[in-house]
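As structure tokens, the structure follows; a few thoughts come after it.
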Amino acid sequence: MANTSDLPCDADGTCMVCKKKAPDGETLTCKTCVTPWHSTCLSVPLKTLADAAHWECPDCSLTADQPGGATVKPSISGGDLVEKIRAIESDQSLTDREKAKRRQELLSGDAKSASPEGPNQEQKNSNGETNDGLAILGDKLNCSICMQLLDRPVSTPCGHNFCLKCFQKWVGQGKRTCAICREVIPSKMAREPRINSAIVIAIRNAKMSQSNVSGGVSRVNHFVHNKDRPDKAYTTERAKRSGKANACSGKIFVTVPLDHFGPITAEHDPERNVGVLVGETWEDRMECRQWGAHFTHVAGIAGQSEYGAQSVALSGGYEDDEDHGEWFLYTGSGGRDLSGNKRTNKKQSFDQKFDKSNEALRVSCKNGYPVRVVRSHKEKRSSYAPQEGVRYDGIYRIEKCWRKAGIQGFKVCRYLFVRCDNDPAPWTSENNGDRPRELPTVEELKHATDITERKKSPAWDFDEGQGRWIWKKPPPESRKAPDAYDEEGKITKRARRQKRNESVKERLLKDFSCLVCRKVMVLPLTTPCAHNFCKACLENSFAGQSFIKQRTCGGTRTLRAQKNVMKCPSCSNDVSDFLQNPQVNRELMNLIESLQSQMKEENMESEELDGANDEDAELCDETDDACIEVDMGEEIDGTNGKSNIGAENENCDASAEILKEEKDEKEGSKPLSNTNPQPPIEKKALGRCDAVSDDKEAGVARGEMPKRRNKRRGAGEEACSLAPNGGKKRRGNKT
DNA sequence: GGGCCCGCAGGG
DNA sequence: CCCTGCGGGCCC
């Protein structure tokens, strides 16, 4: 709390407390208002010099909870800093904005770019690609009060962004209008400002790309599999059995690659935007596969021997398994005679080896990779198995693996799995996730051979500071990026292009996706509940609704006007007030448009370099959002896409008009590809995918889906000639 | 509940 | 292109 006796230095640098001129080494400058203070006269002295760069004066920290929260190390000492700030302040050639920018650069420790001749020079790497994410942001994500990079950003309904502290300080002074446009700040917003997480993530990513040597740990690639398939598993004509006995997989709803390690987070779940949650249950393995928890629909282990295993299923297929919930002993695959067209065989007839998927598990053990675990109702001996269906139980790590003689006498590969998930297990009443726990004593290890224990530090581990399990090392890079390699294993032109285009800018743009259409926002709006949408998308979500609805009262014919509640598409907050006069967040819009135009220029340059006759040219021939964003969801509605609350064509046109008008105001802004407002994606029932329309399903079930191999072995060979592609060359299997 | 059967999907 | 696989429907 501020002490009333705290006073700053006056214009001459004389401390108003001790009335002496404060020496340079004893002057402190507030990071918010840039006022100099005499450090020795402060009632709450600074703990370390390191706090100096982020010190906030008693006036500015009135609303701040605790001082000293800053952790960023300054590169400049206190006295030096003040001198530099003074130099900036007294530079007549600079505008106020430029001064603020330079102050910010100084205070953020970015002294190199604060050199007088070239502030904010973009740093280029050897490829000429801009790597300095924060520089790309420019001053577009600066707080309009302190002019520094937004810290805990909040966005007003009038479309302006402030640091939480600055905003709180502003309203704490009794001000109820926006510092920029003087628009009234809604009282709820003033009381409970919400952090705009899209901006947080964008800044975080920008910082990450700045500090990252190459690539980026948090990079999110979006791969779409089976996207043209129906929502449900389906049977081809060829399949002799109905239902899912011999079915093909339906659409994969999440955008992780098939060899994705670790949890499936919200950013990979365009369908529901929550990710795959612990405890989520599906009807069967096909459905489980569609949500990416465990991709292989028969095999218990999903993995690659040279690369690692991503997930396992506990389905009671091997009697040696031993389940204790938080830890379990898993048995490898193989050792069974599968001749005669069998898929499994209870009887073991030879030893298992550490090869194929057994080796994949061992690789995950050695590296400490996170392994997703699903339990099936078919595991009858475990009390932790679900009653029905297949359930996602979270992340485990393989702490040890070995071989031992199994129940049937032949050797089996064995794995000790220990849970390490940030969410509580489905069976526990705890409401926190796992903490590192001691390994259980495994009796059978006494008789084990080929024991493998992890030697290096695990890739997935508990971070004491954050109090959660995180990637301590970058997750293995996916080898399953579509079309990344040609037949000879050389990287393809398309992949090269994709790599090149995966610039910092592109990643930043992804952070500015509309929560409805999931594309980069056009005319971004931030609701008071801090969710971001395209203007058209949000308005279109309530097309046909009026702000006031009339209700008859108590059986009489009196009509009473009542406010119509309009729930934010992302949460249950009423956004009807906001919608009466929604203001575009122009700072965001400017940033998005500048990123897009820069990317377009870069793309054009690389087109020229590539030559005109590139067969993939249509992929990225514009600053096409489809290139940036996953284009899922569009087909969900198909032709009868106007699913939302009776949205009518006129309404769509109307909002498109508004869009256009607003757009035309801005000179030279290029039309964006997604000016068509998208209807909101229909929410799917959790873990279910039965929302597909009958005709659609029927259409696909006719069997013209993907071309399939026509291979077969063992019995039933005759039926082969009836297959749709029976005329194609096919292996002459012996009968 | 056990056994048989076989399309599919992924690994290599 | 072949091999493998802790599925799932159905018959007994």
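Both backbone and side-chain heavy atoms feed into the values below; hydrogens, waters and symmetry mates do not. Note on naming: letters A, B, ... go to the chains in the order of the sequence lines (proteins, then strands), and numbering restarts at 1 for each one. Please read these numbers as outputs of a predicted model, since none were measured by experiment.
- Within 4.0 Å (heavy atoms only), A/Ile301 reaches no atom of the nucleic acid at all.
- Contacts of A/Tyr307 with the nucleic acid, taken as non-hydrogen atoms under 4.0 Å apart, are absent.
- When heavy atoms are screened at a 4.0 angstrom cut-off, A/Arg285 is found touching the sugar-phosphate backbone but no base atom.
- Between the NE2 atom of A/His297 and the P atom of B/dC8 there is a distance of 9 Å, given to the nearest Å.
- The aromatic rings of A/Phe261 and A/Tyr307 lie tilted to each other, with the angle between the two planes from 30° to 60°.
- Exactly one of A/Lys473, A/Lys472, A/Arg397, A/Arg468 qualifies for a salt bridge (Lys or Arg N to Asp or Glu O under 4.0 Å) with A/Asp461. That residue is A/Arg397.
- Residue contacts shown for A/Asp284 are limited to sugar-phosphate atoms, with no base heavy atom under 4.0 Å away.
- Among B/dC8, C/dG8, B/dG10, the nucleotide with an atom closest to any side-chain atom of A/Leu258 is B/dG10.
- Of all the residues in residues 349-383 of chain A, A/Lys356, A/Lys378 reach under 4.0 Å from DNA chain C with at least one non-hydrogen atom.
- Between A/Ala299 and A/Gly243, the residue anchored closer to the 5' end of DNA chain C is A/Ala299, taking for each the nucleotide with the nearest heavy atom.
- A/Arg391 forms no cation-pi arrangement with A/Trp427, by the criterion of a distance under 6.0 Å to the ring centre and an angle within 45° of the ring axis.
- Remark: of the listed residues A/His294, A/Arg372, A/Gln304, A/Gln304 is the sole one forming a side-chain hydrogen bond (donor to acceptor under 3.5 Å, both in side chains) with A/Gln310.
- Whole-Å rounding puts the A/Glu283 CD to C/dG9 P distance at 9 Å.
- When the shell of 6.0 Å around NZ of A/Lys380 is examined, it contains more than 12 heavy atoms from other residues, nucleotides or ligands.
- As rounded to whole Å, 13 Å separates atom P of B/dC4 from atom NZ of A/Lys346.
- Here the P atom of nucleotide B/dC6 and the NZ atom of A/Lys342 are 12 Å apart, to the nearest Å.
- Taking 3.5 Å as the limit, the base of B/dC4 and the side chain of A/Asn341 contain no donor-acceptor pair of atoms between them.
- A donor-acceptor contact closer than 3.5 angstrom is absent between the side chains of A/Arg336 and A/Ser349.
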